[in-house]
Number of protein chains: 2
Amino acid sequence: MATTIRDVAKEAGVSAATVSRVLNNSGYAHEDTRKAVLDAIQKLNYRPNEVARSLYKQKSKLIGLILPDITNPFFPALARGVEDYLREHGYRLIIGNSDEQLEQEIDYLDTFAQHNVVGIVASINEPHSDMLSDLNVPIVLLDRTVEELPAVYADQFEGGRLAAEKMLERGSKEITIIRGPIEVRPVYQRFVSSFQVLRQAGVKVHVFDSKLSFEGASKSASSLFEFYPNTDGILACNDIVAVAMMNEAQRTGRKVPEDVQIIGFDDISISELVYPGLSTIRQPAYEMGEKAAEILLKKINQQVLDDLHCQLPVQFIERQSTRKVGE
Amino acid sequence: MATTIRDVAKEAGVSAATVSRVLNNSGYAHEDTRKAVLDAIQKLNYRPNEVARSLYKQKSKLIGLILPDITNPFFPALARGVEDYLREHGYRLIIGNSDEQLEQEIDYLDTFAQHNVVGIVASINEPHSDMLSDLNVPIVLLDRTVEELPAVYADQFEGGRLAAEKMLERGSKEITIIRGPIEVRPVYQRFVSSFQVLRQAGVKVHVFDSKLSFEGASKSASSLFEFYPNTDGILACNDIVAVAMMNEAQRTGRKVPEDVQIIGFDDISISELVYPGLSTIRQPAYEMGEKAAEILLKKINQQVLDDLHCQLPVQFIERQSTRKVGE
DNA sequence: ATGAAAGCGCTAACAT
DNA sequence: ATGTTAGCGCTTTCAT
């Protein structure tokens, strides 16, 4: 059996209440008793039971995190940002993968409530507002947005625009945009933005669909050049898809970037390691996670938020899958 | 305020105890009252407070998971396996990244205890046995082993051997083994095993060190061919490192697999997507995670384990970074 | 078959 | 400055 606050109290020759006071630095405590208590705690290696604490205070030190799929490298980066920040502030994470499934999101939200989480960070598309207000717990959206909730995300329109412009500047004339699932908002936004720029520029543009997953990317890649053999520029919806497309380009004897240029989205770690290095639009995933955590803690501590929405800048990272030009 | 068991009791016109009974299918309950309670639960959308439950029973529905670094694609695969299995059985995950740091591992173990977790899955090298027995909670090691604890891992010796043999069969004569950090046991084991095979075969073999991370891989890759320019075969400690090396090979004008063959380890998702496709030793990560979860639940439910250690098979996955031979 | 009451470990009023 | 008491929401004897 773990040591309880009573054990400590007995050891120190005081009451449980006193122990609680020194533990929480609340109320008075004579320096001597304080020391006695601290000694007893040390001696018994006592750690307060968070569950009991949580039951009484109706709030835990737990924070819920919902991500679509931790298996997609973009999300672990977010998660680490969240975790590292929260951890330093004494909070821990209950984590759940939703696979973008409403049902699973709800299921986790439910669980979070049952465990008295004090806050939630979530990458979900349509927050179930009744549910959320029901929980009555601060939430911040990550990589997703909705008008009324705090959110941290990267500038998708700028990202989409940047990708298209850089591609244009580097001379591609027949560009295929790989569009991800339109239900995933940020992915759709970057598509729209790229598409607009390309259209206005008057180049030839194709739209080709792909899932965001590894298998999906691989599958769609295999038929890209059957549909659009003259593609000389690819704007991919994320880096995974970009890498798959780059593979297919090379496999079909095309040179990258000479014959086909490719720009990805996200800047996941692997993008730097593949050959040729993948040019991409960087989303500052780790920082996004940190920022979301920071905002969440502010809300938890009732501090006022300067802005509900925090948009982080994206950045064009040029590597070797595009033809560098003097700028 | 969330609805409590008393609200339900009042609504159903019974006592809290009765509600509890129907909730847990324990003790008697007349069919009529049972129905009344169920209706009330439905009507009030009542969900029992897991924290209160956990406090009384001294055990939660939470399971702790410690991973070195979720940012390394091998671990999310494990994590998903664990999560998906546990989830189906009503358990949730508190997750923590340790960065292989003893201090953080202990920190999380502590947290887990404070939250009354009923079990732990951990990828840690030296379980702090005093601590662990202190928690008095079942644990299963994942991707790591120690004599006395249940563990799930892939056959590292076989993996190392396979990689070396396949490389030999495919004709490389001057092989560089990229050795990861020797403190990480499985990584060390695969190295030893490969090394032995290569030595016995009498080919020229170099050993070159690298970290397992993206940055580490990239850094060490950049000087590989300065040290061993005549390398015609690379055995990498994991796929990330393999991809980095493959990049460097191509960057320095070497053809893969014609001039240099490369075999990785893990078979992370991206390995299929890079060009050329990376031949590798597959560890069944997702299945490992599932298996660990399964074993943990068995322990939690006091069932007997057939074997303490569960070793899963590895497999050589041949793609295009090696020269296929008729076999 | 059901209810009353105690208690899981902790904290916060309230006394002293 | 410190102790006593009640109670967070639940489960489980023990009565009835």
Side-chain angles (χ1 to χ4, degrees), chain A residues 1-38 40-41 44-62 90 110-111 113-118 135-137, chain B residues 1-38 40-41 44-62 110-111 113-118 135-136:
Chain A
M1 195 80 282
T3 51
T4 79
I5 200 170
R6 275 173 229 287
D7 299 329
V8 176
K10 187 182 293 180
E11 176 74 25
V14 297
S15 76
T18 303
V19 177
S20 176
R21 274 189 216 102
V22 340
L23 221 49
N24 300 292
N25 279 315
S26 60
Y28 303 89
H30 189 80
E31 193 48 44
D32 295 348
T33 39
R34 180 186 183 69
K35 193 171 171 319
V37 169
L38 258 17
I41 288 177
L44 302 181
N45 189 28
Y46 166 75
R47 313 229 125 265
N49 181 327
E50 277 301 330
V51 175
R53 222 174 222 186
S54 167
L55 177 61
Y56 183 88
K57 315 237 289 194
Q58 305 284 33
K59 49 170 76 168
S60 66
K61 282 291 188 179
L62 258 17
D110 243 348
T111 305
Q114 294 186 348
H115 288 277
N116 287 359
V117 301
V118 272
L135 303 195
N136 195 29
V137 143
Chain B
M1 193 79 287
T3 49
T4 79
I5 200 170
R6 272 172 230 289
D7 300 330
V8 177
K10 187 183 291 178
E11 175 74 25
V14 298
S15 77
T18 303
V19 177
S20 177
R21 272 188 219 103
V22 341
L23 220 49
N24 299 291
N25 279 316
S26 60
Y28 303 91
H30 189 83
E31 194 47 45
D32 294 349
T33 40
R34 179 185 183 70
K35 191 168 172 324
V37 169
L38 258 17
I41 288 176
L44 301 182
N45 189 28
Y46 166 74
R47 312 227 125 266
N49 181 328
E50 277 301 330
V51 175
R53 223 175 222 188
S54 167
L55 179 60
Y56 183 88
K57 316 235 292 189
Q58 305 284 30
K59 49 170 76 167
S60 66
K61 281 292 189 181
L62 258 18
D110 244 348
T111 305
Q114 294 186 351
H115 288 278
N116 287 359
V117 300
V118 274
L135 301 195
N136 195 28

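Lettering of chains follows the sequences in order, A, B, ..., and the numbering in each one begins at 1.
Using a 4.0 Å cut-off, some side-chain N or O of Y46(A) falls inside it from OP1 or OP2 of dC10(C). Contact check, T33(B) against dT2(C): a side-chain N or O comes under 4.0 Å of OP1 or OP2. Taking 4.0 angstrom as the limit, Q58(B) places a side-chain polar atom (N or O) nearer than this to OP1 or OP2 of dG9(C). In this model, the phosphate group of dG9(C) is not approached by any side-chain N or O of T4(A) to a distance below 4.0 Å at OP1 or OP2. Checking the phosphate oxygens (OP1, OP2) of dC10(D), no side-chain nitrogen or oxygen of S20(B) falls inside 4.0 Å. Contact between the side-chain N/O atoms of S15(A) and the OP1/OP2 oxygens of dT4(D) is not found at any separation under 4.0 Å.
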Please step through side chain to side chain contact (heavy atoms under 4.5 Å, CB included) for the pair V14(B) and R21(B), ending with a clear verdict.
-> CA-CA 11 Å; V14(B) 298; R21(B) 272 188 219 103; over 6 Å; no
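In the set dT2(D), dG9(D), dA12(C), the nucleotide with an atom closest to the side chain of A29(A) is dT2(D). Of the candidates dC10(D), dA12(C), dA13(C), dA13(C) carries the atom nearest the R21(A) side chain, counting heavy atoms from C-beta on. You'll find that the side chain of N49(B) is closest to dG9(D), out of dG9(C), dG9(D), dA12(C). Taking the side chain of R53(B) as heavy atoms from C-beta on, and the options dA12(C), dT11(D), dG3(C), the nearest nucleotide is dT11(D). The listed nucleotides are dT12(D), dG9(C), dG3(D); the one nearest the side chain of V14(A) is dG3(D). Among dG9(D), dG3(D), dC10(D), the nucleotide with an atom closest to any side-chain atom of L55(A) is dG9(D). The nucleotide whose nearest atom lies closest to any side-chain atom of A17(A) is, among dT11(C), dG3(D), dT11(D), dG3(D). Here dG3(C) is the nucleotide among dT11(D), dG3(C), dT11(C) with the atom lying nearest to any side-chain atom of T18(B).
Counting any heavy atom pair closer than 4.0 Å across all strands shown, S54(A) reaches no nucleic acid atom.
Atom CG of N116(A) is separated from atom P of dG9(D) by 9 Å (rounded to the nearest Å). Put simply, CD1 on I5(B) is 15 Å from P on dT2(C), counting in whole angstrom units. Rounded to whole Å, the distance from CG on L23(B) to C1' on dC10(D) is 10 Å. A straight line from OH of Y56(B) to C1' of dC10(D) spans 9 Å, rounded to a whole angstrom. The separation between K10(B) atom NZ and dT2(C) atom C1' is 19 Å, rounded to whole Å. Rounded to whole Å, atom P of dA12(C) lies 12 Å from atom CG of N25(A). For the pair R6(B) CZ and dT11(D) P, the computed distance is 11 Å after rounding to whole Å.
Considering only heavy atoms from C-beta on, K61(A) stays 4.5 Å or farther from V118(A) through its side chain.
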